[in-house]
Participant: 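One structure, pasted below without further comment.
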2 protein chains.
Amino acid sequence: MQTYELILNTAYSLFARNGYEKTSLSMIAKEVGISKPAIYYYFSSKEVLFYALLQAVCDEIRFEKFFSITQFSATNFADQLVQCGLTMIQDQRDDPNYSLLMKEFMIQSTRDEKILVSVKTVIESYLNGFEALLQHGVSLGVLTGENLRVKAEMLTLVIDQIDNYMSLSIGFDYEGLWRHCVSQTLQGARS
Amino acid sequence: MQTYELILNTAYSLFARNGYEKTSLSMIAKEVGISKPAIYYYFSSKEVLFYALLQAVCDEIRFEKFFSITQFSATNFADQLVQCGLTMIQDQRDDPNYSLLMKEFMIQSTRDEKILVSVKTVIESYLNGFEALLQHGVSLGVLTGENLRVKAEMLTLVIDQIDNYMSLSIGFDYEGLWRHCVSQTLQGARS
DNA sequence: GTCTATACAAAGATAGAC
DNA sequence: GTCTATCTTTGTATAGAC
């Protein structure tokens with residue numbers, strides 16, 4: 001593997017585990033097996049390294065990665081929505097660094113406009129994705145067109161928070177929560 | 001005001017705005033108007049100061065502070081639930097440092113067992129509080145007894161995440177979200 | 001209870017050799 | 001592309017005077 005990617009991968013897990021501030025370039029350099037100044041050859045500062053990581057992660061978790069609108073039909077809509085969500089939850093469970101790093105981005109975004117923009121973009125991709133998906137559901141006749149925006153906001157908020165709570169090992173019934181949320185969203189449909 | 005409280009109050013807003021690591025004791029001392037070593041007279045370390053703050057904040061946001069079960073009757077149940085939630089949301093909007101600091105605790109809790117316990121205790125106070133409240137609602141006949149636990153988890157998760165998103169200025173319709181969430185929770189009740 | 005002065009460690013970053 | 005050596009800053013924390 002190239003040094004560049006090695007640095008990124010190492011930074012990925014170190015930032016996730018220790019947080020941005022508590023991860024020093026020395027630590028990263030040591031784990032990669034190079035010297036500290038070598039990092040500066042690839043990244044002009046610690047901040048720039050962090051941004052690069054942010055972009056890579058945001059790219060990996062876009063809405064379309066988990067929810068593919070073309071797979072949703074009138075007969076499988078609810079199941080498909082549940083299933084895609086569960087896959088997403090499972091993915092995050094498999095790589096806890098994901099959620100930890102995302103949390104780290106969230107907290108840094110309150111102090112860094114550039115990070116905030118990236119985080120917001122991800123959240124909006126979910127909001128708009130869910131809204132489009134529900135709109136598709138309306139045209140399929142699996143739900144009414146009421147409160148679509150709020151419903152999309154709810155799905156976004158819930159799937160995101162499930163992720164957060166999981167990484168804190170809060171003992172909620174995550175699968176049950178998601179199923180419940182989906183069924184409530186689609187409820188009161190059908191004639 | 002006593003120096004002790006002055007330090008706590010100053011630390012409160014500085015930790016909230018800059019985060020734990022980026023807030024130095026020098027900054028706190030300067031803002032309070034004392035010297036750095038003076039802080040050590042009251043708090044044996046920066047960590048201890050942070051713990052003290054954590055306890056104070058957790059105490060201020062317990063479930064009972066916002067939701068008083070005795071005020072819920074058969075006729076006002078839904079309205080009351082909506083109203084208490086909105087009050088909570090408004091409270092957090094009035095003091096953004098609240099949410100920011102809570103976020104800070106959340107992130108630190110992934111690396112510090114002591115903090116994790118406090119954070120979990122707060123979340124559980126909401127989970128158990130909502131469950132008891134819904135149980136009360138069942139005996140009042142305003143909702144069925146199905147899925148009480150999941151419903152309580154949902155209310156907890158949603159009100160918490162509303163708070164998070166608000167502090168990031170994500171443009172969701174927070175009042176609408178909470179109303180929708182409450183109405184879905186109580187839906188399918190009544191005969 | 002609060003100060004000045006200081007010890008000590010570690011961080012981010014740069015200069016310049018190889 | 002990677003190194004050694006070093007600069008500069010800042011942090012937490014302590015000793016001891018007042």
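Residue numbering restarts at 1 for every chain, and letters A, B, ... go by the order of the sequence lines.
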Participant: With a 3.5 Å cut-off and sequence neighbours excluded, list the donor-acceptor pairs that the side chains of residues 36-45 of chain B form with protein atoms.
Facilitator:
unit_1, atom_1, unit_2, atom_2, d
Ser45(B), OG, Glu47(B), N, 3.4
Ser45(B), OG, Val48(B), N, 3.2

Participant: Pull out every residue in residues 104-116 of chain A that has a heavy atom closer than 4.0 Å to any atom of DNA chain D, ordered by number, or say none.
Facilitator: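 Contacts with DNA chain D under 4.0 Å: none.
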Participant: Using a 4.0 Å cut-off on heavy atoms, which residues in residues 46-54 of chain B reach DNA chain C? List them by number, or say none.
Facilitator: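 Those residues whose heavy atoms fall under 4.0 Å from DNA chain C, taken from residues 46-54 of chain B, amount to none.
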Participant: Where along residues 16-29 of chain A does a heavy atom fall under 4.0 Å from DNA chain D?
Facilitator: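 Result for residues 16-29 of chain A: none.
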Participant: What verdict does the side chain to side chain contact (heavy atoms under 4.5 Å, CB included) test give for Met166(A) and Ile89(A), after you've listed the backbone C-alpha separation in whole Å, the side-chain angles of each residue and the deciding distance to 0.1 Å?
Facilitator: CA-CA 9 Å; Met166(A) 245 170 25; Ile89(A) 290 170; 3.4 Å; yes
Participant: Applying side chain to side chain contact (heavy atoms under 4.5 Å, CB included), can you list everything that pairs with Met102(A), at least two apart in sequence or on another chain?
Facilitator: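 Counting only residues at least two positions away or on another chain, Met102(A) forms a side chain to side chain contact (heavy atoms under 4.5 Å, CB included) with Val57(A), Ile61(A), Phe105(A).
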Participant: Just to verify, what does Glu153(B) make a salt bridge (charged side-chain N to carboxylate O under 4.0 Å, His left out) with, not counting sequence neighbours?
Facilitator: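 Glu153(B) satisfies salt bridge (charged side-chain N to carboxylate O under 4.0 Å, His left out) with no other residue.
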Participant: Under 4.0 Å between a side-chain N/O of Tyr41(B) and OP1 or OP2 of dT2(C), yes or no?
Facilitator: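 No, no such contact exists.
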Participant: Go through residues 31-40 of chain A and report each residue with a non-hydrogen atom lying under 4.0 Å from DNA chain C, sorted by number.
Facilitator: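 Going residue by residue through residues 31-40 of chain A, the ones with a heavy atom under 4.0 Å of DNA chain C turn out to be Lys36(A), Pro37(A), Tyr40(A).
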Participant: Tell me, with the steps shown, if Leu100(B) and Glu104(B) meet side chain to side chain contact (heavy atoms under 4.5 Å, CB included).
Facilitator: CA-CA 6 Å; Leu100(B) 285 171; Glu104(B) 194 64 30; over 6 Å; no
Participant: Distance only, no hydrogens: is a donor on one side chain within 3.5 Å (strictly under) of an acceptor on the other, for Asp160(A) and Tyr165(B)?
Facilitator: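 Yes.
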Participant: Applying side chain to side chain contact (heavy atoms under 4.5 Å, CB included), can you list everything that pairs with Ser125(B), at least two apart in sequence or on another chain?
Facilitator: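 Result, side chain to side chain contact (heavy atoms under 4.5 Å, CB included) vs Ser125(B): Arg62(B), Phe63(B).
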Participant: In whole Å, I'd like the distance from the CG atom of Leu6(A) to the P atom of dT2(D).
Facilitator: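 Between P of dT2(D) and CG of Leu6(A): 10 Å.
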Participant: Using the test side chain to side chain donor-acceptor pair (under 3.5 Å), find all partners of Ser167(A) that sit at least two apart in sequence or belong to another chain.
Facilitator: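 Counting only residues at least two positions away or on another chain, Ser167(A) forms a side chain to side chain donor-acceptor pair (under 3.5 Å) with Lys103(A).
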Participant: Give a yes/no answer on whether the side chain of Thr3(B) brings an N or O atom under 4.0 Å of OP1 or OP2 in dT2(C).
Facilitator: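 It does, given that an N or O in the side chain of Thr3(B) lies less than 4.0 Å from OP1 or OP2 of dT2(C).
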Participant: Scan residues 16-37 of chain B for pairs that pass ring-ring contact (aromatic ring centres under 6.0 Å, His included), counting only residues two or more places apart or in two chains.
Facilitator: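 Found Phe15(B)-Tyr20(B), Tyr20(B)-Phe50(B).
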Participant: Evaluate the criterion side chain to side chain contact (heavy atoms under 4.5 Å, CB included) for residue pair Ile28(B) and Ile34(B); output intermediate values, then yes/no.
Facilitator: CA-CA 9 Å; Ile28(B) 298 174; Ile34(B) 58 178; over 6 Å; no
Participant: What is the separation between atom NZ on Lys30(B) and atom P on dC3(C), rounded to the nearest whole Å?
Facilitator: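 It is 15 Å, rounded to the nearest whole Å.
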Participant: Could you tell me if Ser99(B) and Asp163(B) have a donor-acceptor pair between their side chains, going purely by distance under 3.5 Å?
Facilitator: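 Side chains of Asp163(B) and Ser99(B): pair found under 3.5 Å.
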Participant: Mind listing the side-chain donor-acceptor pairs of residues 130-142 of chain A below 3.5 Å, one per line with the distance, residues two or more places apart or on another chain?
Facilitator:
unit_1, atom_1, unit_2, atom_2, d
Glu131(A), OE1, Arg149(A), NH1, 2.5
His136(A), NE2, Phe72(A), O, 3.0
Ser139(A), OG, His136(A), O, 2.7

Participant: Tabulate below the donor-acceptor pairs under 3.5 Å that side-chain atoms of residues 113-123 of chain A make, not counting sequence neighbours, or state none.
Facilitator:
unit_1, atom_1, unit_2, atom_2, d
Ser118(A), OG, Gln55(A), NE2, 3.1
Lys120(A), NZ, Ser169(B), O, 3.2
Thr121(A), OG1, Val117(A), O, 2.7

